[in-house]
Amino acid sequence: MVEPSTVQKKSRFWLIFPFVILFLLIAGWSAYWVYAKGQLETGIDQWIADERARGATVEFSSKRLGGYPFRFELDVRDPVYQPDGEARWDGERLRLVMQPWNWNHIIGFAPGRNLITEPSALRHTVNLDPKSAASFSWDETGITRIGLQLSSATALISGELYAVSGLSLNLAPRKESPDDMMVALQWDQLKINAAPP
């Protein structure tokens, strides 16, 4: 019979170690996300202040930055934007989404009714479904890609109705020749009552 004092207990280190590493990774990522969110909020508030100082109208009923843990999502309700002396945009909602690991790409959604009022007071209405989006990528030299996806959209421009479904538009400079623009355009259905003004 073996004496109890001579039995060696197995170490539980390798059982606990993966959970400690996981906890440290989650804590580190959360700290980075909170820090980056603070930087984004400061930048957004500074942009609003700068635009207002230049005479632009920037209004909204609410503004919230969230999206933890895998994205930053700015949700603005009842946005209004009008650069000084330019056309005015009134929307129902604006959502801007950015991945925390890609600071050079943003996706924007503006579902619902979007009203554009020209300085002459002429109004145009664009209705977008929630799946419609625009995306922008850039680097230190400027914009490198623009994409527009309209699942379903209607527009009333100068009294004429336009409708589109399944529209995809992508613009990007050619890598070998940055002065050349590559354009890809397709749609499922397009209704044009008159030539746009």
Side-chain angles (χ1 to χ4, degrees), residues 18-54 56-83 86-116 125-155 164-173 184 186-187:
F19 294 101
V20 171
I21 294 297
L22 179 62
F23 173 77
L24 291 174
L25 288 172
I26 291 171
W29 178 259
S30 298
Y32 162 73
W33 192 92
V34 169
Y35 172 78
K37 177 187 176 204
Q39 295 296 306
L40 283 171
E41 285 178 325
T42 300
I44 291 164
D45 291 341
Q46 185 62 53
W47 180 85
I48 291 170
D50 291 346
E51 286 298 297
R52 287 176 174 164
R54 282 195 275 274
T57 300
V58 181
E59 299 172 355
F60 45 86
S61 62
S62 69
K63 172 177 66 79
R64 180 182 167 276
L65 184 60
Y68 178 83
F70 298 121
R71 67 183 183 276
F72 296 109
E73 182 173 329
L74 177 65
D75 191 352
V76 182
R77 300 298 174 125
D78 306 310
V80 174
Y81 179 62
Q82 181 180 18
E86 301 292 329
R88 175 184 170 109
W89 168 61
D90 292 78
E92 290 181 12
R93 184 179 184 192
L94 174 65
R95 284 178 51 231
L96 300 175
V97 178
M98 177 184 281
Q99 304 299 334
W101 51 86
N102 186 357
W103 292 92
N104 295 324
H105 179 74
I106 195 163
I107 302 170
F109 304 84
R113 181 175 180 260
N114 293 275
L115 179 65
I116 296 138
T125 304
V126 179
N127 294 300
L128 301 173
D129 77 334
K131 293 181 182 176
S132 296
S135 67
F136 302 90
S137 298
W138 62 91
D139 62 17
E140 61 281 347
T141 63
I143 293 178
T144 58
R145 191 184 71 78
I146 297 174
L148 178 65
Q149 310 295 321
L150 298 179
S151 177
S152 174
T154 60
V164 66
S165 64
L167 182 130
S168 174
L169 171 65
N170 289 287
L171 306 169
Q186 66 181 38
W187 63 84

Counting only pairs under 3.5 Å, give me each side-chain donor-acceptor contact of residues 134-142, with atom names and distances, residues two or more places apart or in other chains.
unit_1 : atom_1 : unit_2 : atom_2 : d
Ser135 : OG     : Arg145 : NH2    : 2.9
Ser137 : OG     : His105 : ND1    : 2.8
Trp138 : NE1    : Asn104 : OD1    : 3.3
Asp139 : OD1    : Thr141 : N      : 2.8
Asp139 : OD1    : Thr141 : OG1    : 2.6
Asp139 : OD1    : Gly142 : N      : 3.3

Steps toward side-chain contact (heavy atoms from CB on, under 4.5 Å) verdict (Ile48, Lys63): CA-CA 12 Å; Ile48 291 170; Lys63 172 177 66 79; 4.1 Å; yes

All ring pair (Phe, Tyr, Trp, His ring centres under 6.0 Å) counterparts of Phe109, not counting sequence neighbours: none

Audit row: Thr154, Val126, side-chain contact (heavy atoms from CB on, under 4.5 Å) steps and yes/no: CA-CA 6 Å; Thr154 60; Val126 179; over 6 Å; no

Modelled atom types, side-chain donor and acceptor of Glu51 and Tyr81, under 3.5 Å: yes

Heavy-atom side-chain proximity of Trp187 to Ser168 below 4.5 angstrom: no

Asp78 side chain to Ser61 side chain, donor-acceptor N/O pair below 3.5 angstrom: yes

Side-chain donor or acceptor of Tyr32 paired with backbone N/O of Pro100 under 3.5 Å: yes

Salt bridge (charged side-chain N to carboxylate O under 4.0 Å, His left out) contacts touching residues 91-102 (sequence neighbours left out): Glu73-Arg95, Asp75-Arg93

Thr42 vs Ile44 side-chain heavy atoms within contact, under 4.5 Å: no

Test item: Gln82 and Val80 side chains (from C-beta on) under 4.5 Å apart, heavy atoms: no

Point-to-point distance, once rounded to the nearest 0.5 Å, from CD1 of Ile106 to CE of Met98: 4.5 Å

Pairwise distance CG(Asn102) to CZ(Arg71) - rounded to 0.5 angstrom: 15.0 Å

Heavy-atom check, side chain of Thr57 versus side chain of Arg88, under 4.5 Å: yes

Over all atoms of both residues, closest heavy-atom pair of Tyr68 and Trp33: N-CZ2, 3.2 Å

Student check: side-chain heavy atoms of Ile146 and Asn170 closer than 4.5 Å: no

Atom CZ of Phe70: over 12 foreign heavy atoms under 6.0 Å: no

Gap separating the OG1 atom of Thr144 from the CG atom of Leu171, nearest 0.5 angstrom: 11.5 Å

Aromatic centroids of Phe72 and Trp103 separated by under 6.0 Å: yes

Residue pair Leu94 / Trp89, side-chain heavy-atom distance below 4.5 Å: yes

Value rounded to 0.5 Å, distance of CG in Leu96 from CD1 in Ile107: 10.5 Å

Test item: Ser132 side-chain N/O and Leu128 main-chain N/O as donor-acceptor pair under 3.5 Å: no

Atom of Arg52, atom of Phe60 and distance for their closest heavy-atom approach: NH2-CE2, 4.2 Å

Contact check, side chains of Asn114 and Asn127, non-hydrogen atoms, under 4.5 Å: no

